Protein chains: 2
Amino acid sequence: MTYLFSALADPTRRQIFERLAKGAQPVGKLAQGLPISRPAVSQHLAALKAAGLVTDHAEGTRRIYRIDPKGLAAIRIWLDQFWTEALDGYVAEVERSSEDPS
Amino acid sequence: MTYLFSALADPTRRQIFERLAKGAQPVGKLAQGLPISRPAVSQHLAALKAAGLVTDHAEGTRRIYRIDPKGLAAIRIWLDQFWTEALDGYVAEVERSSEDPS
DNA sequence: GCTTACAGTAAGCTATGACTTACCTATTTA
DNA sequence: TAAATAGGTAAGTCATAGCTTACTGTAAGC
């Protein structure tokens, strides 16, 4: 979870990720339009890949990056497993404090 | 989203958050059992609060923190709005490359 | 009113993260 | 096989994040 969340914590990295969500792209194409250097984009992509958010494959001299569903799925699982627990706890607390407003 | 994701990116902060999911607690109680100082816990709680993940209220000299559903809801919305887009794109790409394996 | 308990704030230290430029590697193409 | 294109890696810089100790403030109990 740490890698996942910190990968998405960076605005530039989210921007890259959200751009990939609209279609796979090579590194150079991604770097165009971003206000940072191409090596910086490479480093961001490495972080996204380590988090399971993207995958890559070679295509000639280019390297195509695309969304990896695994990353999003992991977040969804964390959130779902969490959702009920947290909200149950929340509702319980609120009810308790409204029943017994000491 | 940046505040949200970076709040959850820190392991200690996630631990605090997940502990609060099981029930509201005062700061001191949270600090016990964590390997960091109480001020550090206060700072983490401030970050969680700024992200909309927790709320607090005074109770005598203690300050009780509990989960704020707004934070989790925001993540869910981001994920949902994203899920279809990303997966549609993913499926389209995969189909395209398997139909035309040039 | 004074002391104790609880918790936020300030200031300072250290590690890490996001960038840069320079370099190296690999694939295409002429 | 040499040149050009695409992109990962290394090294260094600067800002920020997470921690600490010291302090300040506020509510409760004697």
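These figures come from a predicted structure and were not determined experimentally.
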| query | Hey, does B/T12 reach any base, or is it just sugar-phosphate, or nothing, if we go heavy atoms under 4.0 Å? | reply | sugar-phosphate
| query | Is any side-chain N or O of A/E59 under 3.5 Å from a base N or O of C/dT27, one able to act as donor and the other as acceptor? | reply | no
| message | For a 4.5 angstrom cut-off between non-hydrogen side-chain atoms, does A/R66 reach A/D56? | response | no
| said: Rounded to whole Å, how long is the line connecting atom NZ of B/K29 with atom P of C/dA7? | reply: 11 Å
| Candidates C/dA11, C/dT21, D/dG8 - which lies nearest the side chain of A/S37 | C/dT21
| task | Provide, to the nearest angstrom, the distance between the CZ atom belonging to A/R14 and the C1' atom belonging to C/dA18. | result | 15 Å
| said: Please classify the nucleic acid contact of B/P39 as base, sugar-phosphate, or nothing, using heavy-atom distances under 4.0 Å. | reply: base
| field | Value in whole Å for how far the P atom of D/dG18 lies from CD1 of B/I16 | value | 11 Å
| said: Can you measure B/D10 atom CG to D/dA17 atom C1' for me and round it to whole angstrom units? | reply: 9 Å
| Whole-Å distance separating the CZ atom of A/R62 from the P atom of C/dT29 | 10 Å
| message | Taking B/A31's backbone N and O only, do any of them form a donor-acceptor pair with B/R38's side chain (distance below 3.5 Å, no angle check)? | response | no
| 5' priority, DNA chain C, between A/A40 and A/G60 [closest heavy atom] | A/A40
| request: Starting from the first five and the last five pairs of the helix from C/dG1-D/dC30 to C/dA30-D/dT1, work out the angle between the resulting helix axes, to 10 degrees. | output: 20°
| query | For the side chain of B/S42, counting heavy atoms from C-beta on, which of D/dG8, C/dA7, D/dA6 is nearest? | reply | C/dA7
| Phosphate OP1/OP2 of C/dG17 contacted by A/Y3 side-chain N/O (<4.0 Å) | no
| Do A/R63 and D/dA6 have a side chain to base donor-acceptor pair shorter than 3.5 Å? | no
| query | Atom CD of A/Q25 to atom P of D/dA6: distance rounded to whole Å? | reply | 14 Å
| query | Starting at the 5' end of DNA chain D and moving along, which residue's nearest nucleotide shows up first, B/R38 or B/A47? | reply | B/A47
| request: Using atom CG of B/L45 as one end and atom P of C/dG8 as the other, report the distance to the nearest whole Å. | output: 7 Å
| message | If you define the side chain from C-beta out and look only at heavy atoms, does anything of B/H44 sit under 4.5 Å from B/L34? | response | no
| request: Compare all side-chain heavy atoms of A/I67 with those of A/T55 and state whether any distance is below 4.5 angstrom. | output: no
| message | Check the orientation of A/F5 and A/W78. Use parallel for under 30°, tilted for 30 to 60°, and perpendicular for over 60°. | response | perpendicular
| query | Would you say A/D68 and A/L53 make side-chain contact, with heavy atoms under 4.5 Å? | reply | no
| Smallest separation among heavy atoms of B/R19 and B/L30, with atom names | NH1-O, 3.6 Å
| Given D/dT20, C/dG8, C/dT20, the nucleotide with the shortest approach to the side chain of B/V27 | C/dG8
| Rounded distance (Å) that lies between atom C1' of D/dG8 and atom NZ of A/K49 | 10 Å
| query | For B/S42 and B/R63, what are the C-alpha separation, side-chain angles and deciding distance, and is it a side chain to side chain donor-acceptor pair (under 3.5 Å)? | reply | CA-CA 10 Å; B/S42 270; B/R63 194 145 268 269; over 6 Å; no
| query | Of all the nucleotides listed (C/dA10, C/dA18, D/dA6), which has the minimum atom distance to the side chain of B/Q43? | reply | C/dA10
